[in-house]
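Here the structure is laid out as structure tokens; the discussion comes afterwards.
Everything numeric here is computed off the predicted structure, so don't read it as measured data. To find a chain, count down the sequence lines: A is the first, B the second, and so on, and within it residues start at 1.
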Amino acid sequence: MPNPKRRHSKRRTATRRTHDHLVQPGRSECPNCHEPKLPHRVCPHCGTYKGREVIEVVEK
Amino acid sequence: MRHRKAGFKLKRDPAARKSLLRGLVTSVIEQERIITTVPKAKAAKPLVDKMITLAKRDTLHARRQAARFLETPASVKKLFDKLGVRFGQRAGGYTRIVRLGWRQGDGAEQAMLELVGSQLVKRAAERAKRKEERMKAVREGREEEPPAA
């Protein structure tokens with residue numbers, strides 16, 4: 001079976017991993033309640049989208 | 001190869017897929033708006049639009065074509081008597097999909113599929129009240145424990 005000839009250095013591993021990270025999702029401000037929300041989706045806080053489209057939000 | 005065969009399979013065989021979509025389309029026509037997953041909404045949307053196009057034609061043949069697809073006679077009646085007239089002046093775009101966010105449990109993105117011009121019916125308060133009453137009944141031992149609702 002083929003095997004690695006040399007041990008990788010720590011630097012080589014770290015260099016490979018420089019692009020491994022999570023990115024923050026984009027967010028926009030809800031025009032109705034000014035809470036942050038995901039773009040193109042109903043605001044989970046007030047249940048509106050494009051000024052109407054009320055989805056009922058249940059108060060906890 | 002499945003070149004140029006775009007569409008939604010929804011992890012079902014053709015018969016199950018057709019049943020599912022017929023049910024969704026019937027529900028949209030009867031209830032005005034439904035909440036489902038994004039792919040199911042996208043698959044059902046063109047079918048709802050086609051039903052409304054049939055309703056605008058308003059012939060006996062069109063009515064039978066719709067009855068062949070829809071699951072309840074009541075939905076066919078509503079489609080031809082109400083929706084055909086309601087969308088008479090609108091050239092397409094009878095339905096709307098709005099993304100709602102992700103479902104707790106399996107993370108599937110939910111969407112609302114509605115007939116344009118439908119109204120939101122406020123039912124959350126009613127539902128909460130019923131649940132409260134049910135929980136009270138269980139606490140007082142008058143009723144059996146509900147199966148994980």
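- Contact check for B/W102 versus A/R41: side-chain heavy atoms found under the 4.5 Å cut-off.
- For B/Q119, no part lies near chain A; criterion is any non-hydrogen pair under 4.5 Å.
- Looking at B/R33, the atoms closer than 4.5 Å to chain A (heavy atoms on both sides) all sit in the side chain, from C-beta outward.
- By the neighbour-count criterion of 12 heavy atoms within 6.0 Å, atom CZ of A/R17 is sparsely surrounded, having that number or fewer from other residues, nucleotides or ligands.
- Around CZ of B/R64, the count of heavy atoms belonging to other residues, nucleotides or ligands within 6.0 Å does not exceed 12.
- More than 12 non-hydrogen atoms from other residues, nucleotides or ligands lie less than 6.0 angstrom from CZ of A/R27.
- Atom NZ of B/K42 sits in a sparse spot, with 12 or fewer heavy atoms from other residues, nucleotides or ligands closer than 6.0 Å.
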